[in-house]
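The following block contains the structure, expressed as structure tokens.
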Amino acid sequence: MMEISCTYLVVGGGIAGVSCAETLVFLADSKDSIILITESSLVKAATNLIPLGKVLTRFDVQEKSAKSLDRNIRVVEDQLLSIESKSHFIRTVNGNRITYSYLCICTGARPKLIEQAKGSPHVIGIRDTESVQEFQKRVKNATRLAVVGNGGIASELVYEISGIEVHWIIKDEYISSTFVDSGAARFFQERLTTKGEKKSIVKRMRYSEEKGESSGNKRGAALGPDWHRTVDISGKLENVPDAVKIHYKVEVEEIVEKKEGCPLQVRLSNGESIECDFVVSATGVVPTRNFTCDQEFQLGPDGGLLVDWEMATSVENVYAAGDVCYAGWEHAKHWFQMRLWTQARQMGAMAARAMAAKRAGETIYQDFCFELFNHVTTLFGYQVVLLGRYNGQGLDDKYEILLRMTPGLEYIKFIMVDGRLQGAMLIGETGLEETSENLILNQLDLAPYGEDLLDPNIDIEDYFD
């Protein structure tokens, strides 16, 4: 048990928390102290940052030892239990009492398991390093797997896994609907039937959990965009069809545990049944608020801590960033919230700027990255860049689509309203990232170019960069 004090207290070892703490190192006064509370001795940090435009940045999410963080960040391996905001201190699971001037909550989110799981040990969610390790153990001795969900983790999983029969259960008409449209889904579909290529191995320093004091029920930080490239997720079958069996427009009605054969029988809404060894539930996340506070937080409609543009909550001197928060300010025309690594990093840095400015009595403005939704990831082996209203979100179907697709190479979609670019989806090595970003931000009238805007014989980068 310790009684310690600090200027800035950051809770959470994920992208948002580490981004906040590392940004504070640069912004805070040298006399100010920074403490980072993490439930694991491993943290997630953004590395290898490559700017692709004004706000668009590609980066890796690296898992590393908390001890490798800047020496000005004091790391406490523990878990937040309660906040006494009026007295400016917190209590932890291990009995520590930490007094703060400014607090930033970055506790992330947890997997939202399907309701039919009913506490079954054969249904797992994949969200953090610990859950991936559990998945690895199960898949090594399994022959058949059911994956429920249609987002990023589900898409990565069904593409990367091998040596096991996979049944992908989705409620939509096409795959990967969280990120892409039906056209891009068809573009991706070919990769599911040609999965024979070797996945590239990420060569980087590997860290393991340290043995020692534990806060008990520990959770690791959320996975990064290339988590599947650092672990072996293959089953025991040698001769298994590469094609994934996709069950469209269905939901899980019931999961029945069996005593013989495969442990589970998954009954679908179309009357079909699937027998499998275990189920991966990848149906989204819910904000993690497993702590109490002497004052009630104002919450968003999704249960996240409501924050303003400075990432401040309704409780004085308490901020929040990343998956745990709900963006409660008036959004820019081309920005909206999604619980992604990109936004976790941006929010963590914004919270740090706001806390440091308040401490110094300075005025700041919202970071420019919140002017434009931007995200870079990898799906089915392709680079995927999403900008602005890339799927026409919030445009009430009052938009036009310009499309260019070369099978196996690229898929480019522009969302146009009155001749101006509102969003872009770029799949593959298109080279159009910076140009698309500029066109959305500048709102240049592109009507004179018409459909020639995506003519493969015209390099539009030369016109508009």
Side-chain angles (χ1 to χ4, degrees), residues 51-58 150-152 172-189 327 330-338 340 342-343 346 368-380 382-465:
L52 300 178
K54 288 186 178 69
V55 297
L56 185 66
T57 302
R58 182 173 65 207
N150 205 12
D172 310 289
E173 296 181 353
Y174 57 89
I175 63 174
S176 307
S177 63
T178 300
F179 288 117
V180 303
D181 58 13
S182 57
R186 286 193 294 273
F187 177 80
F188 285 147
Q189 196 98 21
E330 184 178 347
H331 300 167
K333 181 179 179 182
H334 298 108
W335 189 90
F336 55 92
Q337 184 180 13
M338 281 185 78
L340 303 166
T342 300
Q343 289 191 358
Q346 294 167 344
F368 190 68
C369 67
F370 295 100
E371 286 294 309
L372 174 67
F373 175 88
N374 56 99
H375 184 55
V376 184
T377 188
T378 301
L379 289 175
F380 302 96
Y382 293 102
Q383 174 177 279
V384 178
V385 174
L386 307 174
L387 291 167
R389 306 284 175 173
Y390 65 89
N391 255 344
Q393 297 95 331
L395 299 179
D396 299 324
D397 293 330
K398 298 177 182 177
Y399 58 85
E400 295 178 274
I401 294 176
L402 291 183
L403 194 64
R404 184 172 97 201
M405 194 267 283
T406 306
L409 184 65
E410 64 178 13
Y411 181 93
I412 302 169
K413 182 177 75 170
F414 280 2
I415 300 293
M416 310 291 295
V417 174
D418 297 329
R420 289 171 169 80
L421 187 62
Q422 307 301 317
M425 179 187 298
L426 311 173
I427 302 174
E429 300 297 328
T430 67
L432 295 177
E433 297 86 6
E434 187 173 14
T435 299
S436 302
E437 184 187 80
N438 287 335
L439 291 176
I440 297 172
L441 290 171
N442 297 338
Q443 287 298 285
L444 192 67
D445 185 6
L446 304 172
Y449 301 94
E451 294 183 0
D452 290 339
L453 195 62
L454 286 183
D455 188 327
N457 298 313
I458 299 176
D459 291 327
I460 64 172
E461 309 99 286
D462 296 338
Y463 281 88
F464 302 113
D465 271 357

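Position 1 is the first residue of the sequence, and the numbers go up from there.
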By side chain to side chain contact (heavy atoms under 4.5 Å, CB included) - contacts of K333 (at least two apart):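 Counting only residues at least two positions away or on another chain, K333 forms a side chain to side chain contact (heavy atoms under 4.5 Å, CB included) with Q422, Q443.
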Point-to-point distance, once rounded to the nearest 0.5 Å, from NZ of K413 to CG of L386: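 Those atoms lie 9.5 Å apart.
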Closest approach of L432 to S436 (non-hydrogen atoms, all atoms of both residues):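 Smallest interatomic distance, heavy atoms only, reads O-OG, 2.7 Å.
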Reported CD1-to-CG distance for the pair I401 and N391, which is rounded to 0.5 angstrom: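 Answer for the CD1-CG pair, I401 versus N391, is 8.0 Å.
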From CD (E437) to CG (N374), nearest 0.5 Å: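 Atom-to-atom, E437:CD and N374:CG are 7.0 Å apart.
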E410: partners by side chain to side chain contact (heavy atoms under 4.5 Å, CB included), with sequence neighbours left out: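 Once residues adjacent in sequence are excluded, the partners of E410 under the side chain to side chain contact (heavy atoms under 4.5 Å, CB included) criterion are R404, T406, I412, T430.
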Nearest-0.5 Å distance that lies between atom OG1 in T377 and atom CZ in R58: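 If we round to the nearest 0.5 Å, T377:OG1 and R58:CZ are 11.5 Å apart.
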Side chain proximity check, F380 to I175, heavy atoms < 4.5 angstrom: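 Yes, close enough: below the 4.5 Å cut-off.
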Check: Y390 and I440 side chains under 4.5 Å, non-hydrogen atoms: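 No; the side chains remain at least 4.5 Å from each other.
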S177: side chain to side chain contact (heavy atoms under 4.5 Å, CB included) partners, not counting sequence neighbours: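 Per chain and number, S177 pairs via side chain to side chain contact (heavy atoms under 4.5 Å, CB included) with N150, D172, Y174.
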Derivation of the side chain to side chain contact (heavy atoms under 4.5 Å, CB included) call for T178 and M338: CA-CA 10 Å; T178 300; M338 281 185 78; 4.0 Å; yes
Closest non-hydrogen atom pair between V417 and K398, with its separation: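 Between these two residues, the closest heavy atoms are CG2-O, 3.6 Å.
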V385 side chain near H375 side chain, heavy-atom distance below 4.5 Å: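 Side-chain contact under 4.5 Å: no.
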For N438 against K54, the heavy-atom pair lying closest together: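 Looking at all heavy atoms of both residues, the shortest contact is OD1-NZ, 2.8 Å.
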Distance in Å, L421 CG paired with D445 CG, rounded so as to fall on 0.5 Å steps: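 Rounded to the nearest 0.5 Å, the CG-CG separation comes out at 12.0 Å.
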T342 and V376, any side-chain heavy atoms less than 4.5 Å apart: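 Not touching, per the 4.5 Å side-chain cut-off.
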Intermediate values then yes/no, side chain to side chain contact (heavy atoms under 4.5 Å, CB included), E434 and L52: CA-CA 6 Å; E434 187 173 14; L52 300 178; over 6 Å; no
Over all atoms of both residues, closest heavy-atom pair of A184 and I427: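 The pair with the smallest heavy-atom distance is CB-CD1, 3.6 Å.
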N442 side chain vs L444 backbone, donor-acceptor pair below 3.5 Å: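 It does not hold such a pair.
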Backbone N/O of C369 and side chain of Q346: donor-acceptor pair under 3.5 Å: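 Pair absent, no side-chain N/O of Q346 close to backbone of C369.
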Counterpart residues, side chain to side chain contact (heavy atoms under 4.5 Å, CB included), relative to M405 (two or more places apart):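 Residues passing side chain to side chain contact (heavy atoms under 4.5 Å, CB included) with M405: F187, P407, Y411.
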Non-hydrogen side-chain atoms of F368 and L441 separated by less than 4.5 Å: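 Heavy-atom side-chain distance check passes, below 4.5 Å.
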Counterpart residues, side-chain hydrogen bond (donor to acceptor under 3.5 Å, both in side chains), relative to E433 (two or more places apart):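 For E433 the side-chain hydrogen bond (donor to acceptor under 3.5 Å, both in side chains) partners, ignoring immediate neighbours, are Q383.
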Within-4.5 Å side-chain heavy-atom neighbours: V55 and E371: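 No. Closest side-chain heavy atoms not under 4.5 Å.
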Neighbour count above 12 (heavy atom, 6.0 Å) for Q393 CD: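 Yes, because the 6.0 Å sphere around CD of Q393 holds more than 12 heavy atoms from other groups.
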Validation row: L446, M416 side chains within 4.5 angstrom (heavy atoms):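 L446 reaches M416 side chain to side chain.
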Pairwise side-chain contact, R389 with Y399, heavy-atom cut-off 4.5 Å (strictly under):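 A side-chain contact is absent here, since even the closest heavy-atom pair is not under 4.5 Å.
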V384 and F188: CA distance, side-chain angles, deciding distance, side chain to side chain contact (heavy atoms under 4.5 Å, CB included) verdict: CA-CA 11 Å; V384 178; F188 285 147; 3.9 Å; yes
Chi angles and distances behind the side chain to side chain contact (heavy atoms under 4.5 Å, CB included) call for F414, L426: CA-CA 9 Å; F414 280 2; L426 311 173; 4.1 Å; yes
Atom CG of D418 with >12 non-hydrogen neighbours under 6.0 angstrom: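 No, the 6.0 Å shell around CG holds no more than 12 heavy atoms from other groups.
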Residue list, ring-ring contact (aromatic ring centres under 6.0 Å, His included) with F336, at least two apart or on another chain: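 For F336, the residues satisfying ring-ring contact (aromatic ring centres under 6.0 Å, His included) (neighbours in sequence not counted) are F373.
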Between OG on residue S176 and CD on residue Q189, distance to nearest 0.5 Å: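 Rounded to the nearest 0.5 Å, the OG-CD separation comes to 9.0 Å.
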